[in-house]
Amino acid sequence: MRAAPTPGPTAATIAVYSVKGGVGKTTIAANLAWCAAELSGHRTLLWDLDAAGGSGFLYGLEPHASRQATDMFSREEAPDKLIRRTDFEGLDILPADESIRTIDATLTAIGKRKRLARLAESLGQQYQRIVLDCPPVMNELSAQVVRAADLIIVPLPPSPLSARALELVVREVADHSKRHPPILPVLSMLDMRRALHKAAREENPAWPMIPYASVVEQCAVQQRPVGAIAPQSPSAQRFISLWKAIEHKLAERRS
């Protein structure tokens, strides 16, 4: 059952970002957006900034044939006409299309270092939570994501490369944001049967974790979030715990 709307929360932008691909970023973003709308009662926008368009796909939305996703950046057009509803109350998606492939060049050309932040601020008049599904890049787009975000979620499958990816995200935040939004690492695709994964969990017991599980893979098959497929499953409970940690971080930042 959907929670009653939270009275008057401050809008917040949550970026799910890693410089490494294949870390479960889109799955996490899509499920967190559902948690924001369904559990907290926030009006929520899932904003897909990755040309792969995974977030829209996970909610059964096919991309429009037109190449308009970058128009709101280059032409300063309102994004309202691109926003699409999902089957879940209070949850909308701003999907990607092929034009997103050129967004770095577009942002560099227009020379407005906080264009994404300004758009997020404007959308925050309609949405209490904005979840950014970010591509695995280090360029002008990632710099603008850092400036726009109130909190950065970094999915980390246990591996030496993932540890390096976290270091790069920390450096990216330090280089491009004076206010340094907090970073929340998340152990993703965790399989406790594997020694490396078990060791990573023991080394970072306070980090939220998302298990490697068939029900999580079913998100792409059924095009629905885990909480809607199997609300009592351990994976659904892990996403709920992650969402509670995010809300706690946001509350700390506001206080």
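- Shown here for Ala236 and Pro231, the closest heavy-atom pair between the two residues is CB-O, 3.5 Å.
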Validation: residues 194-201 side-chain donor-acceptor distances under 3.5 Å, sequence neighbours left out:
residue : atom : partner : partner atom : Å
His197  : ND1  : Asp191  : N            : 2.9
Arg201  : NH1  : Trp207  : O            : 2.6

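- Side-chain contact check for Ile28 versus Leu242: some heavy-atom pair is nearer than 4.5 Å.
- Tyr17 and Lys25 make their closest contact through CA-CD, 4.4 Å (heavy atoms, listed as atom of the first residue, atom of the second, distance).
- Side-chain contact between Ile210 and Ser235: absent, with no pair of heavy atoms (C-beta onward) separated by less than 4.5 Å.
- When every heavy atom of Asn31 is checked against every heavy atom of Cys219, the shortest pair comes out as ND2-SG, 3.8 Å.
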Under 3.5 Å, which donor-acceptor pairs link side chains of residues 142-152 to any protein atom two or more places apart or in another chain?
residue : atom : partner : partner atom : Å
Ser142  : OG   : Asn139  : N            : 2.8
Ser142  : OG   : Asn139  : O            : 2.9
Ser142  : OG   : Glu172  : OE2          : 2.5
Gln144  : OE1  : Arg115  : N            : 3.1
Gln144  : OE1  : Leu116  : N            : 2.9
Gln144  : NE2  : Lys112  : O            : 2.7
Gln144  : NE2  : Arg113  : O            : 3.4
Gln144  : NE2  : Glu140  : OE2          : 3.0
Arg147  : NE   : His176  : O            : 3.4
Arg147  : NH1  : Arg113  : O            : 2.7
Asp150  : OD2  : Thr13   : N            : 2.7

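- In this structure, the side chains of Asp92 and Leu45 come closer than 4.5 Å at one or more pairs of heavy atoms.
- Ile246 is not connected to Leu190 by any chain of hydrophobic side-chain contacts under 4.5 Å among Ile, Leu, Val, Met, Phe, Trp and Tyr, and they are in different clusters.
- A pairwise comparison of heavy atoms in Gly22 and Met189 identifies O-CE, 3.1 Å as the closest pair.
- Grouping the Ile, Leu, Val, Met, Phe, Trp and Tyr side chains by contacts below 4.5 angstrom, directly or via other members, places Val131 with Ile93.
- Tracing side-chain contacts under 4.5 Å through hydrophobic residues (I, L, V, M, F, W, Y), one never reaches Val23 starting from Val226; they form parts of separate clusters.
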